[in-house]
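All remarks here apply to the structure that follows.
We're numbering straight along the sequence, starting at 1.
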Amino acid sequence: MSRDHVHPAERSAVAAGASLSSAETPFLELLARGASADAYEQPVLLARAEGRSTERIVALEQAKLLALRVRSELEGRRRREAELSALFETAHDLAGLRDLDAVLQAIVQRARSLLGTDIAYLSLNDPARGDTYMRVTEGSVAARFQQLRLGMGEGLGGLVAQTARPYVTDDYFKDDRFQHTLTIDAGVRDEGLVAILGVPLMLGHHVIGVLFAADRRARVFEREQIALLGSFAALAAAAIDTANLLTETRAALADLERANEIIQDRSGVIERASDVHDRLAELVLRGGGVHDVAAAVSEVLDGTVEFAEATAAPAKALEVSRVEGHAVRHDDDWIAAVTAGGELLGALVLRGHPGLDPVDQRTLERAAMVTSLLLLARRSAAEAEQRVRGELLDDLLDARDRDPRLLRERAARLEADLDAAHVVLAARLDVTAADADQEAAARRRLWSAASHLAATRHGLAAARDGGTVLLLPLGVGDTATALARSTARHLGTAVHEAVTVGASAPVEDLAAHPDAVAAAYEEGRRCLDAMRLLGRSGDGAAAEDFGFVGLLLAGDRDIAGFVDRTIGQVVAYDERRGTDLLRTLDAYFACGMSPARTKDELHVHVNTVAQRLERVGRLLGDDWQGPARALEIQLALRLHRLSAPAQR
């Protein structure tokens, strides 16, 4: 086809696409070389300086915003990978512990690097003197600061050591929550510190020291940074505890050398401890699972060790183990809580083994700690899969990726079949949170529950428009309505809140027609709006349930007011008198406004029908059977029926 025969709209679209593609090029180069955020302004500024067209500058602005979003996402992923890698590297150092000072120095260095602070340091409690002293520092330049000793309750560190709670200040010298002393303030001033974060090093419910991260400028530490430093603190406490355990073991060996009987009695225990140490270290390095840990410890302890969910373990024993940080005996079993950052993840249960010596008890406790690390890694992997599922559904909704082969390949990696019939479901919580944080938390719970449901059903899920959208395959013999209702019940149970779900009609061949997903989503949202307007919160329905009425329910219309204005007097009369005027009206219109057919439908005498219709006329006015009024009355009757709770 010649250029003269190309439609003007097609030439415009081609030009716009070429403009956008050329606009993206400089930003792709910036992304490729990892440029700073400031550098992304240069292509726009250069275009303005060269006097480029408004369309070119707008295209550059759009490409810049998109590139910055991509850069931000990449940086976030790199940061999360670095944090997880640092935790596993530190766990590896702990597994092969030979030098306590080297491990503590590595923890402080990694904490400083990941949090991006000027300085990080670690103090240990001195029970004999009743204070806490500097043990390891990284980035410190002041000798007086490195030699500080803090009394319990003095300064931020003394308060953390005393209360066993994290504390943070964005300006130390302006913060009156801490007991300031001349010695401590002088050391902090020499170092030039302003913002300080401190988290406790805990062994059970005992504080053995404090891990700090600090800046020489005002700074607000985010919640994730506080949690990350807490994870490093847990590893540091474990390193110290392991060193103490090794010290105890060496002392025991010295005693065993003086008594052959004790040597023979304890050698098997020590061999088992060494065996489980090596096995657990190997499991961490090769990415083993929770049940692999249980199996390894079962062999070493010559018993049956199982991982149990928190709800399945004995509650009292589990709580004692969580608080004290040690395995506790429960009847003939031993319970070791599996925790991470204060969160209870489950328990390791050693069954039928009431006689457990201290070394074997520590073995069970170490296995619980390794189990917590593996569970955290599995959770991170699950969250990554949820993001991938959400990204694919976002691409289908936005119709960005129209290559059917590529879409099918991406879906196949997630065990989803885009060639099967699917239903698009829009889900939304029907509660109003007290503040923005609570509302955001509720939405995250909904998205998490929806992602889990999508993964188990071989579908997709994504957060969108203040709610969640799901793309689920339609089972044989199933309907969109049944799927919507079961999804509403499942999500409501999972988040413990009312969840309303609107579903589209089934759609097929999504890889070849990704725009059908967006259309189906809009249909599901209209159905969701209809549910909300009809007062059916916490329920599920499909677009097919509403027929043409669903089209009239788009937007914020006063449905209840319309019904009340149109047939409210008839509704009230039936409620007061126990009559059947509404039912008679429904049958009358369904029978083509024929009293004779109506009396057959209702199984009453024709005079009864006439009397009821006469009563309706007195309530609604003489013109109630006119074409315009009759249409409004029929619509109000339909809406009144739909507003009633669904029969399940």
Flag the pair D539 / R485 as yes when at least one side-chain heavy-atom distance between them is below 4.5 Å, and no otherwise. yes
Grab the two heavy atoms, one from L453 and one from L470, that are nearest each other, plus how far apart they are. CD2-CD2, 4.1 Å
Within a strict 4.5 Å, meaning less than it, do heavy atoms of the I107 and V136 side chains meet? no
Nearest-0.5 Å distance, NE2 of residue H206 to CD of residue E324: 8.0 Å
Where do I196 and A214 come nearest, in terms of heavy atoms and distance? CG1-CB, 4.0 Å
Closest contact, heavy atoms only, N125 versus A161: OD1-CB, 3.9 Å
Any side-chain heavy atom of F212 within less than 4.5 Å of one from V160? no
Donor-acceptor check, side chain of S321 to backbone of L318, threshold 3.5 angstrom: yes or no? no
Step by step, work out the side-chain contact (heavy atoms from CB on, under 4.5 Å) result for R110 and S113. CA-CA 5 Å; R110 287 167 184 156; S113 174; 5.6 Å; no
Determine, stepwise, if the pair R351 / D332 fulfils salt bridge (charged side-chain N to carboxylate O under 4.0 Å, His left out). CA-CA 7 Å; R351 301 196 180 279; D332 289 340; over 6 Å; no
Side-chain touch I335/V320, heavy atoms, less than 4.5 angstrom: no
Hey, is CZ on R223 packed in by over 12 heavy atoms from elsewhere, all under 6.0 Å? no
Decide yes or no for L350 and V305: does some side-chain heavy atom of the first lie under 4.5 Å from some side-chain heavy atom of the second? yes
Smallest heavy-atom separation, L491 atom then L446 atom, equals CD1-CD1, 4.0 Å
Please round to the nearest 0.5 Å and tell me the distance separating atom CG of D331 and atom CZ of R329. 8.5 Å
If you measure from CD1 on I240 to CG on L235, what distance do you get to the nearest 0.5 Å? 11.0 Å
I'd like to know whether L197 forms a side-chain contact (heavy atoms from CB on, under 4.5 Å) with T117, so could you lay out the CA-CA distance, the side-chain angles of the two residues, the decisive distance to 0.1 Å, and finally the verdict. CA-CA 10 Å; L197 164 63; T117 56; over 6 Å; no
Rounded to the nearest 0.5 angstrom, the OG1-CE distance for T163 and M152 is 10.5 Å
Backbone N/O of W447 and side chain of S451: donor-acceptor pair under 3.5 Å: yes
Please name the pair of heavy atoms, one in A449 and one in V495, separated by the smallest distance, quoted to 0.1 Å. CB-CG1, 4.1 Å
Between D131 and E154, is any pair of side-chain heavy atoms under 4.5 Å apart? no
Under a 4.5 Å cut-off applied to non-hydrogen side-chain atoms, are H422 and P473 in contact? yes
Pair D333-E306, side-chain contact (heavy atoms from CB on, under 4.5 Å): steps then yes or no: CA-CA 11 Å; D333 301 336; E306 300 174 350; over 6 Å; no
Salt bridge (charged side-chain N to carboxylate O under 4.0 Å, His left out) between E319 and K316, worked out: CA-CA 5 Å; E319 179 61 17; K316 185 176 181 180; over 6 Å; no
Side chain proximity check, T132 to V207, heavy atoms < 4.5 angstrom: no
CG/L122 to CD/Q105 distance, rounded to the nearest 0.5 angstrom? 10.0 Å
With under 30° as parallel and over 60° as perpendicular, where do the rings of Y167 and F178 fit, or are they tilted in between? perpendicular
List the atom of F307, the atom of V338, and the distance in Å for their closest heavy-atom pair. CE1-CG2, 4.3 Å
Separation between OG (S537) and CD (E497), nearest 0.5 Å, reads 12.0 Å
side-chain contact (heavy atoms from CB on, under 4.5 Å) assessment of H452 paired with T456: CA-CA 6 Å; H452 182 265; T456 57; 3.8 Å; yes
